[in-house]
Amino acid sequence: MRYLMLTILTAVTIVSISATALAKPHVEISALGTTNTILDDSFEFFAIDTMVHDTWGVDVRVEVLEIKDVLHLLPFVAYRYGASTGYPEWVTGTVQTDLATHDLDVGARMRGWFLPWLGAYAQLFTGISHIQMEADATSDYAYNTIGSRHLYRDDKTKWNLGATVGMELRISPRLLKQHGITRFNFGGEMGVGFMKRMTTNFNPSLEGGDDLSLDRADTVNFGDIDLSGVVFQFGLTVSFL
Amino acid sequence: MKYTLLIPIFALLGLCACEPDGLYDSPISVSEKVQVAQGIVVQNHTENRLELLSVGQRTLRNRVLFTPEEGEIIHRVFAGKENENSPNVYVVTYPASARQTDISPTLSVIETATGNVTRYSTNSLFGNQHFDPDGRYIILYHSDTDDAYVGGLSNDNEIAIIDLNSPPSAANPFADSIDISGHTIESITFLNEITIGDTVRKLVAFSTRGNIQFTDFNDENFASVTVNLKNDDDPRIIIPDKFQLLPAQGNRGPRLFVKANGASEIYDIEFNVKDNEVGFYATSALLDSGYVPSDFALVQDDTDLLLVTAAGNTRQLTIFETDTAAAVSVVLDDMVSTIFEREQNGLRELVMFGSNTQNIYFLPFDNLKAEKGDNLESLTVPSGISSAYILDNDRLMIFSSSNYNVTILDLRTRTMTNLSGASGSNWTEGKLWNETYFLAEYDMVAFLNILSGSPGTLALDEPISSLYVFEQQGVGVAMHSNPAGRATLFPLQMPTRAASTIVDGFYVEGILNRGEE
């Protein structure tokens, strides 16, 4: 899917190069929610009942190019934050796990308006994902003592990349102009795509206890997890014209 | 326009595929099975396999030791006759479904150091086993619950004899059926070699509820004889649980004294041969004290063979002259359940004790028949005896019911040393390494060097679920009830916190990749 999107986008870009023109720059800010459907079964370790990892964030886009007065190129910077909690069963019972992601991406969106109020887009992005993982063994540990180290914690930063396609809605500019609004527009969007986060390994430190607690000789490696998957994006946009 | 409608359609389709597979909905079910020389064998019930926690000086590594073949289920696991020093692990498996006719119940012998597996197809599922003292043969026999696993008809008298020094073959295991008059084998005992007539025999005793069949495995005809312990109409359940063998003396053939659970008699079985007949025969006499004995001992002086019995539910000893069955009783202040023989200052004596009592008793062999028990000595344990264990031939380990003392009694000097007067209770059964004794209670390991009398404690960070001592590695292992699997390793030579190591997570290593296995 993602390779197909990439190919299409590249072809459109090449064909349109001859008709490009610098656009009057305007800024857009979108508040977006992105639903990540994780494909790796390992995600169940951090999930309650579903393989979905929801993230929330903001995109800041700047329109810089118009192509044949139809397509618009908008580079953007995006940030997303998401957190998931799980209760996997270990040896003596259930423990609580937490996973948080901070995605900081840059990308480019190509958009076209079919109607004054309806358009479609395709975008590519890449960036870094900061992944924080925790597992707390005290949540179901009947004999927890003050000296027991119980918190497994690991942070990793990995590359990510992805692509989405979607449709956008906005208030018709003609309508806004009739009401004397020429400097703002409001809209929303809905899209689907794929995001690849590089595989990460959960090889945690062991924390907790007190100053007298014994250190461990070997670390436990919980294994690898791949937080890639299909993404569904929904949001609201304010354009500053 | 129409293509833009595909976007929400794809979205809905994608959301439908969000259900997890339940990969972590069930606990990782493990249970510690046996200690062997290399480490601790754990059965992973979730994965239907055995894992070995291999113990090093500062490491504890979990590796897969044995995986049954497809369609097999692990029935039970046991160590060799060397127990915690066994280099091998023995696993009995059986088919998961009766329809799997190509799978047979099997005994697998696993060398823990190399992982090599030798499989002996036994054709029947046997719930019990017994090693011969040399460890070369193992006899498999049925337990009461074997029928529940395989269904259909079964022969409770069926046994399988495996030569562990020979590879599997059609004749190894050797299947046989013991004719014990419709009874079920309760236990198997290998007796020491004895000479009956002119023939050296190594007898194996198959005990049932009411008789014993003695079979000579060295005899190519498997010469055997059955001794009845009761009449057929006797409703008692009599199961032999102690054997003591005496070689032939004078005009008496070799004798076997047997104590049986449920019988007040001690059985005096004598083996002899008949002129011009092959094989051997047995006769039995009864020595009845009137109570069911908990233990007995034989005392041989210059002229007589005496039998001393004691019972855990009466406060008396009975001393028999075995040739005449004449008996005399000695009244005690306590109920004695254990008797063992040792040497004190060059002379033989019996040491006797019981649970929930106050005294340890000593009965010298010297002139016992004439003394009739008047030379009995006792030693009072001030804190009382909740239970006691034979540490070695010269020492007892005594657990007291009041203020939770653990006491070492040196039988040579009749002196006592308190291991701990702390308020802790529920001490685990102790482990002995060289001259140091280790106990565990809650989050603490207590130890005592018996030679120097120096006690010590090792406080750990979390409660201890089980304690192991590994002689070869010189390491003690305190297992903890931790969701990830956790143990504290400490050197037996120097059990201090500074020298201790925590090994963590050996049950959850690679848990994120379970779905890929």
Side-chain angles (χ1 to χ4, degrees), chain A residues 35 37-38 40-45 47 49-52 86-95 114-115 118-120 135 137 139-150 152 165-167 190-192 201-202 206 209 212-225 230 232, chain B residues 1 3-15 17-30 46 58-61 442-443 459-465 480-486 488-489 497-498 500-516:
Chain A
T35 298
T37 305
I38 307 300
D40 185 358
D41 289 339
S42 303
F43 182 71
E44 291 184 41
F45 195 73
D49 295 315
T50 176
M51 295 292 284
V52 170
Y87 296 94
E89 294 274 356
W90 289 16
V91 175
T92 57
T94 307
V95 299
F114 302 107
L115 298 170
L118 178 66
S139 53
D140 190 33
Y141 183 19
Y143 300 103
N144 187 28
T145 56
I146 193 170
S148 168
R149 298 192 188 278
H150 55 88
Y152 299 89
V165 296
M167 63 182 191
M190 180 168 58
V192 63
N201 180 260
F202 189 8
L206 182 60
L212 296 173
S213 298
L214 292 169
D215 290 323
R216 57 181 181 170
D218 287 335
T219 58
V220 57
N221 192 321
F222 285 92
D224 298 328
I225 184 168
V230 178
F232 304 93
Chain B
M1 175 67 173
Y3 293 111
T4 58
L5 291 177
L6 289 174
I7 294 167
I9 292 171
F10 282 133
L12 287 170
L13 285 172
L15 283 171
C18 293
E19 292 298 315
D21 296 329
L23 203 58
Y24 303 103
D25 290 351
S26 301
I28 304 169
S29 178
V30 294
T46 305
R58 294 179 69 82
T59 59
L60 188 75
R61 303 211 186 279
Y442 193 59
D443 59 356
L460 302 182
D461 290 336
E462 45 196 288
I464 302 166
S465 58
H480 304 292
S481 299
N482 186 283
R486 186 173 294 175
T488 303
L489 276 60
R497 278 183 67 84
S500 297
T501 306
I502 286 188
V503 180
D504 173 68
F506 43 80
Y507 288 140
V508 294
E509 184 84 19
I511 191 174
L512 287 176
N513 304 122
R514 281 173 76 185
E516 299 166 15

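All values reported here derive from a predicted model rather than from experimental measurement. By convention in this document, chain letters (A, B, ...) are assigned in the order of the sequence lines, proteins followed by strands, and residues within each chain are numbered from 1. Values below: every heavy atom of this structure, side chains too, minus hydrogens, waters and symmetry copies.
Under the 3.5 Å distance criterion, the side-chain polar atoms of B:Arg497 are matched with a main-chain donor or acceptor of B:Ala459.
Residue B:Leu489 holds its CG atom at 7.5 Å from OG1 of B:Thr59, rounded to the nearest 0.5 Å.
The aromatic rings of B:Tyr24 and A:Phe45 lie perpendicular to each other, with more than 60° between the two planes, well past the 30° mark.
Among A:Phe43, A:Tyr152, A:Phe202, the residue making the largest number of heavy-atom pairs under 4.5 Å with chain B is A:Tyr152. Interface check for chain A: of the options B:Pro27, B:Ser26, B:Ala484, B:Gly505, the most heavy-atom pairs under 4.5 Å are formed by B:Pro27. No other option in B:Ile28, B:Val30, B:Leu460, B:Thr501 has as many heavy-atom pairs under 4.5 Å with chain A as B:Ile28.
Closest non-hydrogen pair, B:Tyr507 versus B:Gly485, comes out as CD1-CA, 3.5 Å. When every heavy atom of B:His480 is checked against every heavy atom of B:Thr488, the shortest pair comes out as NE2-OG1, 2.7 Å.
If you measure heavy-atom distances from B:Arg58 to chain A, the contacts under 4.5 Å come from the backbone alone. Using a 4.5 Å cut-off between heavy atoms, B:Asp25 touches chain A through its backbone atoms (N, CA, C, O) alone. Neither the backbone nor the side chain of A:Asn201 comes within contact range of chain B; no heavy atom of the residue lies under 4.5 Å from a heavy atom of that chain. Using a 4.5 Å cut-off between heavy atoms, B:Ser29 does not touch chain A at all.
No salt bridge links A:Asp41 with B:Arg514; every basic N to acidic carboxylate O contact stays at or beyond 4.0 Å.
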